[in-house]
Amino acid sequence: MRAYAVRKMTHADFEARIRRIDPQFAKHGGSEAATSRASTRPLVSGLFGFAWAGVIIAVARNQDSLKSSLLQGSLPSEYHVYVLGAVAALLAVSGVLVMMHLLRAIGGRGTARGNSAGVLTGIAAAVTLSMIPAQTYEAGLGLLNENSRAMLVSASNSVRATSGLEIPGATLVSALAN
């Protein structure tokens, strides 16, 4: 049988082993900055918050048109309750998530705070745009000169010709102006 030398491991031995196994930990320690892989993306978070709030505001404002669309559709009337319940659940969950992001932005740290602040900024922008009256948009479009109008009309016609989409009926501005 072979005899092995047994000796007590010192702190220097421990640090040498840590440097061999995990050099990143040996250099930075267990700090949050070294271990965090998440990144703050305020622009992406802001765009997400803007789109999310735009959809929620459009759904909340147009519930009557949603009901009339359900009545005109081929879905049996006993299922309309489920669709309207899902819309109500969407609105309720969105309210809870906005509150969650508000709390994260106020009391969070690091990337959670930055991303939640971006989402809240996008939501604030969407709410602000939804409160602008339709006459303001019409006045702004009235300020365009003939070249700009011609460019918008030709772009609208080319998109309509290639894809069959109706641009004026699909814009967020016309959905929020009602």
Side-chain angles (χ1 to χ4, degrees), residues 22-25 27-63 65-66 69 83-178:
D22 192 0
Q24 184 75 11
F25 183 82
K27 183 184 262 186
H28 298 290
S31 67
E32 183 181 331
T35 59
S36 177
R37 304 246 188 254
S39 63
T40 303
R41 300 180 192 252
L43 184 63
V44 174
S45 299
L47 291 174
F48 173 74
F50 183 81
W52 173 33
V55 168
I56 296 302
I57 291 169
V59 167
R61 284 190 171 179
N62 297 321
Q63 286 188 1
S65 63
L66 180 65
S69 175
V83 172
L84 294 176
V87 168
L90 172 75
L91 295 174
V93 167
S94 293
V96 169
L97 288 175
V98 167
M99 294 305 295
M100 181 197 72
H101 281 290
L102 185 63
L103 291 174
R104 280 179 66 187
I106 291 171
R109 292 185 179 171
T111 58
R113 182 178 190 165
N115 290 335
S116 289
V119 169
L120 290 173
T121 303
I123 290 171
V127 168
T128 303
L129 281 178
S130 71
M131 293 195 179
I132 296 174
Q135 296 85 6
T136 306
Y137 289 117
E138 292 170 6
L141 290 175
L143 293 175
L144 295 176
N145 61 12
E146 288 298 319
N147 293 334
S148 301
R149 285 187 197 139
M151 184 181 68
L152 287 175
V153 168
S154 72
S156 174
N157 289 338
S158 66
V159 168
R160 189 178 304 126
T162 57
S163 66
L165 292 176
E166 284 293 322
I167 297 297
T171 59
L172 181 64
V173 174
S174 65
L176 294 178
N178 292 333

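Keep in mind the model is a prediction, meaning the values are calculated, not measured. Each residue takes its place number in the sequence, starting with 1.
A distance of 11.0 Å separates CG of Leu152 from CG of Asn147, quoted to the nearest 0.5 Å. In this structure, CH2 in Trp52 is found 11.0 Å from CD1 in Ile57, a value given to the nearest 0.5 Å. For the atom pair CG of Leu102 and CG of Leu120, the computed distance is 6.0 Å after rounding to the nearest 0.5 Å. Expressed to the nearest 0.5 Å, how far OG1 of Thr136 lies from CG of Leu129 amounts to 11.0 Å. To the nearest 0.5 Å, atoms CG (Leu103) and CD1 (Ile106) are separated by 6.0 Å.
At distances below 3.5 Å, not a single donor-acceptor pair connects side-chain atoms of Ser69 with backbone N or O atoms of Ser65. Judged purely by atom type and a 3.5 angstrom limit, Arg104 has no side-chain atom pairing as donor or acceptor with the backbone of Arg113. Ser45 places no side-chain N or O within 3.5 Å of a backbone atom of Pro42 that could act as its donor or acceptor partner.
Contact annotation: the side chain of His101 never approaches that of Val98 to less than 4.5 Å [non-hydrogen atoms, C-beta and beyond]. Side chains of Leu84 and Leu66 form a contact here, defined as non-hydrogen atoms less than 4.5 Å apart.
Minimum heavy-atom separation, Ser116 to Ala105: CB-N, 4.0 Å. Here the closest heavy-atom approach between residue Ala53 and residue Ala126 is recorded as CB-CB, 3.6 Å.
Residues Ser154 and Asn157 bring no donor and acceptor atom of their side chains to less than 3.5 Å of each other.
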